[in-house]
Asker: 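Let me give you the structure first, and then I'll get to my questions.
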Amino acid sequence: MNGHDGLQIVLFFIFLLVAVKPLGSFMARVMEGQPTFLTPVLGWLERFCYRLSGINPEESMSWKGYAVAAVVFHGIGFVAVYAIQRCQAFLPFNPAAQGPVEATSAFNTAASFISNTNWQGYGGESTMSNFTQMMALTVQNFLSAAVGVAVLIALIRGLRSRQAETIGNFWADLVRSTLYIFLPLSLLFAVVFSSQGVVQTMNPYVKAKVIQPAAYDNPVNDASGQPVNNADGTPKTEKATLTEQTIAVGPVASQIAIKQLGTNGGGFFNANSAHPFENPNPLTNLLSMLALLLIPAALCYTFGEMVKDKRQGWALLAAMTILLVMFMVPTYLAEHAGNPAFAKMGLSTTANWEGKEARLGIANSTIWAASTTAASNGSVNSMHDSYTPLGGMYPMILMQLGEVVFGGVGSGLYGMLMFAVVAVFAAGLMVGRTPEYMGKKIEAYEMKMASIVVLIPCCLALLGTAIPLLTGDGQTSMSNPGAHGFSQLLYAYSSMANNNGSAFAGFSANVPMHNLLGGAIMWISRVWVIVPVLALAGSLAKKKIVPVGPGTLPTHTPLFIGLLVSVVLIIGALTFIPALALGPIVEQLQMGR
């Protein structure tokens with residue numbers, strides 16, 4: 001690692017950690033319903049939302065009522081996003097005259113955006129109208145992120161409550177997190193992004209004559225937009241000449257701000273944040289990378305404030321930071337080392353620049369790759385499919401660990417708290433006493449709920465990888481045969497099962513098999529995790545606070561941080577090392593040979 005690149009990594013973490021305390025403290029006040037500096041500006045709007053929808057924010061719900069509200073809200077969002085895509089040809093703000101989105105693709109996208117995954121099997125600028133981008137996708141970027149925060153706050157109330165039957169009001173938590181956290185931050189970031197050249201316009205797409213016409217093979221699609229194959233199964237093409245280029249523009253800056261802050265991912269353009277209209281310069285790149293982790297990191301401090309023990313929040317933040325550094329630095333080193341074949345060719349540099357933006361460099365590309373897969377974001381500023389086998393494996397592992405290394409807004413921290421429950425349970429077994437966390441005894445029911453949360457994404461990732469291989473649809477979607485093709489498939493379903501959304505770009509996912517299977521997996525992974533988290537919150541809320549005794553394991557010490565990190569790594573390793581051995585590990589050995 002050269003000094004310049006190392007300095008960039010160090011400064012990234014300094015900027016991130018400096019923002020944790022002020023933002024975390026602010027969010028704690030917001031979610032507690034206490035006045036903040038934004039209350040005079042937005043308080044009337046919050047009260048109007050309650051009156052309009054008939055909500056009493058002081059009426060607390062049981063965990064079952066909270067769960068039903070969250071699941072129904074996801075269901076309504078799914079129907080709305082699906083319907084808008086299918087009807088976009090008849091809706092306004094459609095400058096490129098986009099037709100209706102194909103049914104299975106619309107199903108996949110609806111499941112993706114309501115689950116905070118933002119997996120995209122389509123090209124945004126060539127598939128979605130401005131209306132769909134704004135009213136379906138961007139709206140869900142706000143709401144799916146707000147649901148994650150709401151569920152986390154409910155779990156925190158369960159941990160700190162003393163024999164309570166309720167865990168808060170879902171609708172009040174949803175409104176507060178949207179109005180006071182996501183809207184103001186998104187407005188600020190959107191203004192800055194727009195000032196730096198990120199496109200924000202409602203004008204039609206721009207046509208430009210090319211200087212040098214070029215001949216190319218144009219894929220042939222049927223009436224539904226699906227590729228047509230020749231008799232031998234290869235894609236059918238026809239000769240065409242490029243004389244004019246269409247430059248897509250639209251309301252980009254407003255969507256990019258919330259896609260990063262809400263750990264949503266995706267993008268207005270197919271090239272995502274590698275596109276200069278989404279990410280034009282080093283400043284927007286730095287702000288985007290910080291936005292990936294800003295709210296998930298600050299929520300650790302929010303947790304500490306709300307449970308009245310800030311050491312607990314700092315301990316969780318330390319564990320997450322350690323895990324991120326453990327995978328970010330090796331990702332950089334793998335890409336900086338590059339392919340050993342380069343050295344044999346006598347080249348002066350062996351670094352792997354394939355798929356990287358020269359204006360951003362390897363360091364910024366790998367910081368983003370590790371951050372986006374740690375943060376359940378999924379946006380990219382380089383193509384992960386072009387990384388070296390190990391360079392692509394480390395971001396994949398960050399997803400497979402359960403998206404708890406910062407993770408999605410809210411979902412990352414409540415996922416890490418499930419691992420904390422497992423860790424204290426394991427420690428209790430070692431010394432032969434009932435384990436405790438935050439003064440609450442962890443018994444069989446809590447352990448079952450935590451196990452479901454930890455294991456469901458793992459099972460879905462492996463099942464999602466296996467089913468296409470058994471049916472044959474997996475091989476047809478791979479752009480490379482052998483180990484790398486398997487890595488493409490494993491990465492895709494690890495991403496969908498953990499609500500991340502990034503992909504190895506060489507994997508062709510927009511086919512009915514992957515659209516339907518992937519959509520179902522994204523939906524299940526979101527809902528089947530939220531419900532047991534809330535069930536655990538309800539169970540903990542009813543328990544008494546147990547006084548600290550000589551056998552109590554402190555959960556804010558370096559010992560516990562090390563135990564928590566070890567539990568996360570061990571569960572991830574036991575689950576995924578066999579699959580990784582078939583993909584990136586064997587590919588690395590082949591490359592070295």
Side-chain angles (χ1 to χ4, degrees), residues 63 66-82 106-121 136-137 139-155 170 173-174 177-178 259 262-266 296 373 375-378 399-404 406-418 449-464 492-502 514-537:
W63 79 262
Y66 205 102
V68 168
V71 173
V72 169
F73 186 73
H74 275 103
I76 295 171
F78 176 87
V79 173
V81 175
Y82 181 84
F107 170 83
N108 184 276
T109 302
S112 173
F113 276 77
I114 64 100
S115 64
N116 200 239
T117 308
N118 292 43
W119 168 272
Q120 291 178 283
L137 308 188
V139 167
Q140 283 303 317
N141 282 349
F142 281 97
L143 298 181
S144 64
V147 170
V149 173
V151 173
L152 169 66
I153 299 303
L155 177 59
F170 172 77
D173 292 339
L174 187 74
S177 58
T178 302
K259 89 165 185 178
T263 60
N264 296 286
T373 49
S376 183
N377 183 279
M399 295 187 300
Q400 293 168 344
L401 293 179
E403 297 284 19
V404 296
F406 295 102
V409 285
S411 61
L413 184 51
Y414 67 62
M416 183 60 92
L417 287 169
M418 297 301 104
M449 295 301 104
S451 298
I452 291 173
V453 174
V454 170
L455 295 178
I456 280 291
C458 298
C459 294
L460 291 174
L462 294 176
L463 282 173
Y493 280 94
S494 296
S495 176
M496 287 186 276
N498 289 282
N499 297 140
N500 182 271
S502 65
H514 298 306
N515 282 336
L516 296 174
L517 178 62
I521 283 176
M522 288 184 282
W523 174 274
I524 293 170
S525 185
R526 178 73 164 181
V527 174
W528 283 19
V529 167
I530 283 178
V531 172
V533 166
L534 293 173
L536 189 145

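Values reported hereafter were calculated over all heavy atoms of this structure, with side chains retained and with hydrogens, waters and symmetry mates removed.
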Asker: Out of Asn264, Thr263, Asn116, Thr117, which residue meets the side-chain hydrogen bond (donor to acceptor under 3.5 Å, both in side chains) rule with Asn499?
Answerer: Thr117
Asker: Are any side-chain N or O atoms of Thr109 and backbone N or O atoms of Ala106, one a donor and one an acceptor, separated by less than 3.5 Å?
Answerer: no
Asker: In Å and rounded to the nearest 0.5 Å, what is the SG to CH2 distance from Cys459 to Trp528?
Answerer: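 Output value for this atom pair is 10.5 Å.
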Asker: Carefully, step by step, assess Asn515 and Phe107 under the rule side chain to side chain contact (heavy atoms under 4.5 Å, CB included).
Answerer: CA-CA 7 Å; Asn515 282 336; Phe107 170 83; 5.7 Å; no
Asker: Just by distance, do the side chain of Ser525 and the backbone of Met522 share a donor-acceptor pair under 3.5 Å?
Answerer: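 Not a single qualifying donor-acceptor pair exists.
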Asker: What's the shortest heavy-atom distance between Leu536 and Leu155, and which atoms?
Answerer: CD2-CD1, 3.8 Å
Asker: Minimum heavy-atom separation for Ala154 and Leu534, please, with both atom names.
Answerer: CB-CD2, 3.8 Å
Asker: Do Arg526 and Ser411 come within less than 4.5 Å of each other through their side chains, counting heavy atoms only?
Answerer: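 With C-beta onward as the side chain, the pair touches.
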Asker: Please give me the minimum heavy-atom distance between Ala497 and Ala461, naming the atom from each residue.
Answerer: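 That would be CB-N, 3.4 Å.
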Asker: Quick one: sort the Tyr66 and Phe170 rings into parallel, tilted or perpendicular, breaks at 30° and 60°.
Answerer: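 Perpendicular: the ring planes of Tyr66 and Phe170 meet at over 60°.
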Asker: Taking the six-membered ring where the residue is Trp, are the ring centres of Phe113 and Phe78 under 6.0 Å apart?
Answerer: no
Asker: Within this structure, what is the OG-CD1 distance for the pair Ser177 and Ile153, rounded to the nearest 0.5 Å?
Answerer: 8.5 Å
Asker: What are the two closest heavy atoms between Leu517 and Tyr493, and how far apart are they?
Answerer: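 Scanning both residues, the minimum pair turns out to be CD2-OH, 3.6 Å.
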Asker: So which heavy atom on Gly266 is nearest to which on Gln120, and how close?
Answerer: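 Looking at all heavy atoms of both residues, the shortest contact is CA-OE1, 2.8 Å.
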Asker: Are Asn500 and Glu403 linked by a side-chain donor-acceptor pair shorter than 3.5 Å?
Answerer: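 Looking only at side-chain atoms, Glu403 and Asn500 do form a donor-acceptor pair, the distance falling under 3.5 Å.
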Asker: Run the numbers on Ile530 and His74 for side chain to side chain contact (heavy atoms under 4.5 Å, CB included), then give the verdict.
Answerer: CA-CA 11 Å; Ile530 283 178; His74 275 103; 3.7 Å; yes
Asker: Side chain of Ser112, backbone of Asn108: donor and acceptor closer than 3.5 Å?
Answerer: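 The answer is no, because no donor-acceptor pair under 3.5 Å joins these two groups.
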Asker: Hey, which of Val404, Val149, Leu152 is the one that makes side chain to side chain contact (heavy atoms under 4.5 Å, CB included) with Tyr414?
Answerer: Leu152
Asker: Ignoring hydrogens and angles, tell me if any N or O in the side chain of Ser376 forms a donor-acceptor pair with the backbone of Gly407 under 3.5 Å.
Answerer: no
Asker: Specify the closest pair of heavy atoms between Ala492 and Trp119, including all atoms of both residues, with the distance to one decimal.
Answerer: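 Scanning both residues completely, I find the closest heavy atoms to be CB-CH2, 3.7 Å.
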Asker: Would you give the length of the straight line joining atom CE of Met496 to atom NE2 of His514, rounded to the nearest 0.5 angstrom?
Answerer: 7.5 Å
Asker: Is there a donor-acceptor contact under 3.5 Å from the side chain of Ser495 to the main chain of Gly501?
Answerer: yes
Asker: For Gly378, is there any backbone N or O sitting under 3.5 Å from a side-chain donor or acceptor partner on Ser502?
Answerer: no
